[in-house]
Amino acid sequence: MGADAFRDELTGLLSKQTITEYIRNAMSVKAEYTCYLCVLDIDNFKYVNDNYGHLFGDEVIVTVADILKEAVGERGVVGRIGGDEMLLFLENIADRADLKSILRTVRSNVEWAYKDVKEDLNLSCSIGAAAWPADAGDYDTLFKIADKMLYRAKENGKNRYIIYTPELHGDVLNAEDVTAYEVQQSKSVGAGNKEQFLMDFTEYFMFRNIWNIQIALEETGKAFDLKEVNIFFDEPAYSPMHWRADGKPVETKFLSYGGTTQFRQLFTENNLAVINHISNMQYTCPEVYRELKEMQVTAALIYRMDNGVPGYITFYKEEPTSRLWPESDKAYLNLIGKMFALFISGR
């Protein structure tokens, strides 16, 4: 076999056969430390080819391949296994946090690769990851689990990575495919019973991934009779996510009042800020008061995400001045905020 047979002709990455054989051999001799298998796919690649041509599509594949080679470096190997799908096998990394750092770098660099030359391209990628030997004892099973996580990343909005976590994802290899009917049925469960809703949220969003993140925002807003539910990020590479009860679009891209000292002092040790009425903020935190008054929000709960991807989850409502946030609502929305943060950070 010639030297070129070991490399993908377009990208210079390892060929599918070469990286597969490498991983199988590595798994046959190494069991004393954790390795990670990651499957990457370029989002909406057909759109790239259809709108910019196949030559540019090839350029995009080469660009993503170069991003992967730089991000992985000496910590593993990278191969192209077909079309716009690529494989990473990471061996020399410290822990799961190190893995997340690598995947965040890849995701961000892909998203920004063409921002200065083709702003309308909106290039992004999705990644699924699984650990060896913790998640599987052989290559085929490990690949299937990572591929399932890639599928879930696609289903939950793309432009993200998901790392398999047994406690959250369960037995994904034997899980039945989710149907549109099942999604619709799940969205009608738990109305009027917030304790039941929390159980439904955990099952349908966290465990079974029937709800994508937009559905989870919507169902949370409806269950707690909210005006808005928003997710804002401190990192500009991440796009905010919104839901409004009236269905109108939300243009806000960041939490305008998030950087003030007064605002940061609102949070408890559970990362929750409770605003029973914005009038209380008029002098203690005027930035919050002005913003929420302009939005016609009377009360808010704000969850601070401080692990993984930092940012805020805001729960806004409109109610009479005399109403306070019920203790149960604060507890439930605090847990929901934690689960959103886990989901966004890739588990």
Between Arg304 and Asn271, a side-chain donor and acceptor under 3.5 Å: yes
Heavy-atom pair with the smallest gap, counting every atom of Leu87 and Ile19: O-CD1, 3.5 Å
Note: Asp8-Arg80 ion pair, threshold 4.0 Å (strictly below): yes
Rounded distance [0.5 Å steps], CE in Met149 versus OH in Tyr164: 7.0 Å
Polar side chain donor-acceptor pair, Tyr151 to Ser126, under 3.5 angstrom: no
Donor-acceptor under 3.5 Å (Asp58 side chain, Leu10 main chain): no
Side-chain donor-acceptor pair present, Asn159, Asp43, cut-off under 3.5 Å: no
Trp325 backbone acceptor or donor facing Asn276 side chain under 3.5 Å: yes
Side-chain touch Thr261/Arg264, heavy atoms, less than 4.5 angstrom: yes
Distance-only polar pair, side chains of Ser124 and Glu111, donor-acceptor under 3.5 Å: no
Validation row, ring centre His242 to ring centre Phe232 under 6.0 Å: yes
Modelled atom types, side-chain donor and acceptor of Asn212 and Gln214, under 3.5 Å: no
For Cys38 against Leu103, the heavy-atom pair lying closest together: SG-CD2, 4.1 Å
Tyr303/Phe340 under ring-ring contact (aromatic ring centres under 6.0 Å, His included): CA gap, chis, key distance, verdict: CA-CA 10 Å; Tyr303 181 84; Phe340 271 125; 9.5 Å; no
Pairwise distance CG(Asp84) to CD1(Ile42) - rounded to 0.5 angstrom: 5.0 Å
Ring center gap for Phe224 and Tyr316 short of 6.0 angstrom: no
Salt bridge (Lys or Arg N to Asp or Glu O under 4.0 Å) partner of Asp41, the single match among Lys158, Arg160, Lys154: Lys154
Side chain proximity check, Ile23 to Phe143, heavy atoms < 4.5 angstrom: no
ring-ring contact (aromatic ring centres under 6.0 Å, His included) assessment of Tyr114 paired with Phe56: CA-CA 12 Å; Tyr114 288 92; Phe56 182 74; 5.3 Å; yes
Whether over 12 other heavy atoms sit under 6.0 Å from Lys338 NZ: yes
Under 3.5 Å: donor-acceptor pair, side chain of Ser345, backbone of Ala341: yes
Nearest atoms (heavy-atom pairs only) where Phe89 meets Ala26: CE2-CB, 3.9 Å
Donor-acceptor under 3.5 Å (Asn51 side chain, Tyr47 main chain): yes
Under-4.0 Å salt bridge between Arg290 and Glu294: no
Atom NZ of Lys69 with >12 non-hydrogen neighbours under 6.0 angstrom: yes
Modelled atom types, side-chain donor and acceptor of Thr141 and Asp138, under 3.5 Å: yes
Ring geometry between Phe267 and Phe263 (parallel below 30°, tilted from 30 to 60°, perpendicular above 60°): perpendicular
Distance in Å, Thr18 OG1 paired with Ile81 CD1, rounded so as to fall on 0.5 Å steps: 13.0 Å
Closest approach of Ala65 to Leu13 (non-hydrogen atoms, all atoms of both residues): CB-CD1, 3.6 Å
Neighbour count >12 (heavy atoms, 6.0 Å) for atom NZ, Lys293: no
Sub-4.5 Å side-chain heavy-atom contact between Phe233 and Ile344: yes
Distance-only polar pair, side chains of Ser101 and Arg96, donor-acceptor under 3.5 Å: no
Distance (rounded to the nearest 0.5 Å) between Leu292 CG and Ile302 CD1: 6.5 Å
Asp246 bridged to Lys227 by N-O distance under 4.0 Å: no
Side-chain (Thr63) to main-chain (Glu59) donor-acceptor, under 3.5 angstrom: yes
Salt bridge Glu21-Arg24, side-chain N to carboxylate O under 4.0 Å: no
Backbone of Asn270 reached by a side-chain donor or acceptor of Thr268 within 3.5 Å: yes
Test log, rule side chain to side chain donor-acceptor pair (under 3.5 Å), inputs Thr298 and Glu318: CA-CA 5 Å; Thr298 59; Glu318 290 179 308; over 6 Å; no
Flag if over 12 foreign heavy atoms under 6.0 Å of CG, Asp116: no
